[in-house]
Amino acid sequence: MTVIAGLIITLAIPLIDVIWGRYLRANPPAFGSGRFSFRTKRAKKDEEVWAFANNLFAHMIMVTGVNTGIAATIFYFGALVITGDDNWAAASLSLFAVQAVCILIVYRITDFMVRKIYRPADAGADTGPEEKAELKRPESQADHTEEQR
């Protein structure tokens, strides 16, 4: 019975992730609202960004739930085989903590993707590393380096 309790604890977060992701995909939150939506300052600036961020977050959280559920089950039973049935609580609680951290990682990845795809209008065009170095360097240093060449 204790092994089953450990398995339930191990699969709690992945199951919540899958349910949460399916809910967000089936019922996308309205612009600027939604208690369990992806709400950052950047996502709340524009409806298009909001829709993209919440759709991406819902998809990623659902995929993370499925993948961590499979991996957690394998690692849980592997830990029971290696350490014996006496350590079921330690195995399930450590997997529970790792899965909670995975949710934070998904949040940060979603924020990074939104930032990467939806840059502010004043960000300007991409410049190469040489151009960035020249733009940051004061004129007195630029003249000095040209004289050295």
Side-chain angles (χ1 to χ4, degrees), residues 1-138 141-142:
M1 182 63 179
T2 56
V3 174
I4 304 252
L7 185 61
I8 290 171
I9 292 170
T10 300
L11 294 177
I13 288 185
L15 184 62
I16 290 169
D17 288 349
V18 171
I19 292 169
W20 185 14
R22 286 186 54 93
Y23 176 78
L24 282 177
R25 289 201 86 174
N27 306 311
F31 178 63
S33 67
R35 184 176 213 149
F36 297 108
S37 59
F38 185 78
R39 296 174 55 130
T40 61
K41 287 181 183 178
R42 187 174 290 110
K44 291 192 279 185
K45 285 185 179 180
D46 185 15
E47 284 188 52
E48 181 183 353
V49 177
W50 176 265
F52 173 78
N54 279 287
N55 187 30
L56 178 65
F57 183 69
H59 177 73
M60 288 182 66
I61 205 77
M62 195 167 45
V63 169
T64 300
V66 170
N67 290 333
T68 57
I70 293 168
T73 303
I74 292 169
F75 283 117
Y76 177 70
F77 285 118
L80 291 180
V81 168
I82 292 170
T83 62
D85 290 347
D86 296 336
N87 296 327
W88 66 271
S92 61
L93 291 177
S94 63
L95 287 169
F96 187 83
V98 167
Q99 293 163 355
V101 170
C102 286
I103 293 173
L104 297 174
I105 292 170
V106 166
Y107 183 85
R108 294 303 302 159
I109 289 171
T110 304
D111 189 43
F112 173 77
M113 293 299 293
V114 169
R115 189 174 351 123
K116 187 87 170 163
I117 293 172
Y118 292 98
R119 291 186 179 170
D122 60 347
D126 288 340
T127 57
E130 300 85 22
E131 293 172 350
K132 285 183 182 178
E134 289 179 11
L135 292 175
K136 290 181 182 177
R137 193 173 356 158
Q141 288 181 350

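None of the values given here were measured: they were computed from a predicted structure. Counting begins at 1 with the first residue of the sequence.
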>> Could you work out, with ring pair (Phe, Tyr, Trp, His ring centres under 6.0 Å) as the rule, every residue matching Phe77, not counting sequence neighbours?
In response: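 Partners of Phe77 under the ring pair (Phe, Tyr, Trp, His ring centres under 6.0 Å) test: none.
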
>> How long is the straight-line distance from CD1 of Ile13 back to CH2 of Trp20, given to the nearest 0.5 Å?
In response: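 These two atoms lie 10.5 Å from each other.
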
> Hey, what do you get for CD1 (Ile61) to CG (Leu56), rounding to the nearest 0.5 Å?
Replying inline: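 Here the rounded value is 10.5 Å.
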
> Who passes salt bridge (Lys or Arg N to Asp or Glu O under 4.0 Å) against Asp111, sequence neighbours left out?
Replying inline: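 So Asp111 forms a salt bridge (Lys or Arg N to Asp or Glu O under 4.0 Å) with Arg42, Arg108, Arg115.
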
My understanding is that only residues two or more places apart in sequence, or in another chain, count here; which of them pass side chain to side chain contact (heavy atoms under 4.5 Å, CB included) with [X]?
X	result
Ile109	Met60, Ile105, Met113
Ile70	Val66, Ile74
Leu15	Ile19
Leu11	Leu7, Thr73

>> Going by the rule side-chain hydrogen bond (donor to acceptor under 3.5 Å, both in side chains), which residues pair with Arg25 if we only count those two or more places apart in sequence or in a different chain?
In response: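 Counting only residues at least two positions away or on another chain, Arg25 forms a side-chain hydrogen bond (donor to acceptor under 3.5 Å, both in side chains) with His59.
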
> Is a donor on one side and an acceptor on the other found under 3.5 Å between the side chain of Trp50 and the backbone of Pro29?
Replying inline: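 Flag set: sc Trp50 to bb Pro29 pair under 3.5 Å.
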
> Got a donor-acceptor contact below 3.5 angstrom from the Asn54 side chain to the Phe38 backbone?
Replying inline: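 Looks like yes, one N/O pair under 3.5 Å.
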
> Within a strict 4.5 Å, meaning less than it, do heavy atoms of the Phe52 and Glu48 side chains meet?
Replying inline: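 Side chain of Phe52 against side chain of Glu48, heavy atoms only: no contact under 4.5 Å found.
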
Can you see which heavy atom on [X] is nearest to which on [Y], and at what distance?
X	Y	answer
Gly65	Val18	C-CG2, 3.9 Å
Thr110	Ala53	CG2-O, 3.8 Å
Pro14	Thr68	CG-OG1, 3.6 Å

> Under the side chain to side chain contact (heavy atoms under 4.5 Å, CB included) criterion, do Thr64 and Ile103 qualify, and how do the steps go?
Replying inline: CA-CA 8 Å; Thr64 300; Ile103 293 173; 5.8 Å; no

>> For Tyr23, I'd like to know if atom OH has over 12 heavy atoms of other residues, nucleotides or ligands within 6.0 Å.
In response: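 No, because the 6.0 Å sphere around OH of Tyr23 holds 12 heavy atoms or fewer from other groups.
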
